[in-house]
Amino acid sequence: MRAFVAISLIVAASAAALPAAAEPVLTGTYTQNQACKGNGNDPKKLVKINDKDVVSNFGPCTFLSKETTGRTTKAPATCKSQSGEFDVALVFTLKDDDTVDFLEESSNYKSVLYRCPDGQPGK
């Protein structure tokens with residue numbers, strides 16, 4: 001019985017040490033449809049993504065949930081604009097070149113987000 005308990009503890013500890021499937025890292029500041037220089041000459045319309053929301057010229061949008069499959073994250077969200085609140089379905093796909101394909105499903109609005117260098121928010 002002791003051997004069984006000891007083996008069970010070793011197996012449990014080994015499983016806990018395995019890394020979880022990596023979720024795409026979307027958190028950051030981006031420019032739309034052009035590379036971010038991060039030198040203060042980037043467009044004023046930046047996209048800022050964190051774990052809870054995305055802020056852009058589209059409006060501040062709060063994620064209601066997020067579901068990640070591979071490198072794609074789908075996030076239904078509620079956005080606020082001057083005319084009120086509205087619901088959207090956002091899709092972010094992380095590409096190998098560290099850009100993010102962005103799609104707002106209901107309007108078929110698409111853009112490519114270019115990550116700004118760390119510490120350089122594009123101003």
Side-chain angles (χ1 to χ4, degrees):
M1 179 68 172
R2 285 184 177 158
F4 176 75
V5 171
I7 292 172
S8 296
L9 290 173
I10 292 170
V11 169
S14 297
L18 294 175
E23 182 176 318
V25 178
L26 295 173
T27 300
T29 300
Y30 300 84
T31 53
Q32 291 184 37
N33 299 320
Q34 68 183 47
C36 182
K37 299 176 198 87
N39 63 4
N41 293 323
D42 292 304
K44 302 253 185 250
K45 295 180 180 177
L46 299 175
V47 177
K48 296 181 181 184
I49 303 173
N50 65 45
D51 290 337
K52 295 184 177 21
D53 59 18
V54 58
V55 178
S56 70
N57 61 329
F58 200 71
C61 301
T62 302
F63 300 134
L64 302 174
S65 65
K66 289 193 303 186
E67 180 182 321
T68 299
T69 304
R71 298 176 68 122
T72 299
T73 298
K74 292 186 176 193
T78 298
C79 301
K80 294 180 182 178
S81 71
Q82 293 177 344
S83 59
E85 290 188 358
F86 56 98
D87 292 332
V88 295
L90 306 176
V91 180
F92 303 92
T93 303
L94 187 62
K95 306 306 259 185
D96 288 338
D97 61 359
D98 206 26
T99 61
V100 177
D101 283 347
F102 170 76
L103 169 67
E104 194 285 301
E105 289 184 326
S106 64
S107 69
N108 284 321
Y109 175 80
K110 297 178 184 179
S111 69
V112 177
L113 305 179
Y114 291 82
R115 187 182 302 272
C116 292
D118 288 340
Q120 303 296 321
K123 302 176 184 176

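Note that the numbering runs from 1 along the sequence shown for the chain. A quick note: this is a predicted structure, and the numbers were derived from the prediction, not measured.
Here the side chains of K48 and V54 are not in contact, with every heavy-atom distance at 4.5 Å or above. Contact annotation: the side chain of I49 approaches that of F92 to within less than 4.5 Å [non-hydrogen atoms, C-beta and beyond].
Y30 has its ring centre no less than 6.0 Å from the ring centre of Y114.
Counting only residues at least two apart or on different chains, the disulfide (SG to SG under 2.5 Å) pairs with a member in residues 69-98 are C61-C79.
Taking CG of D53 as the reference point, atom CG of L90 lies at 11.0 Å (rounded to 0.5 Å). Atoms CD and OG1, on E67 and T72 in that order, are 10.5 Å from each other to the nearest 0.5 Å. Here D51 contributes atom CG and K66 contributes atom NZ; the two are 4.5 Å apart, rounded to the nearest 0.5 Å.
Of all heavy-atom pairs between N39 and N41, the closest is OD1-N, 2.9 Å.
The one candidate from L26, T27, T99, D98 that meets the side chain to side chain contact (heavy atoms under 4.5 Å, CB included) condition with R115 is D98.
Qualifying salt bridge (charged side-chain N to carboxylate O under 4.0 Å, His left out) partners for D87, counting only residues two or more places apart in sequence or in other chains: none.
With respect to K95 and D101, a salt bridge is recorded, a charged nitrogen being found less than 4.0 Å from a carboxylate O.
Under a 3.5 Å cut-off, the side chain of N33 and the backbone N or O of V112 do form a donor-acceptor pair.
Using a 4.5 Å cut-off between side-chain heavy atoms of Ile, Leu, Val, Met, Phe, Trp and Tyr, L103 falls into a hydrophobic cluster with V91.
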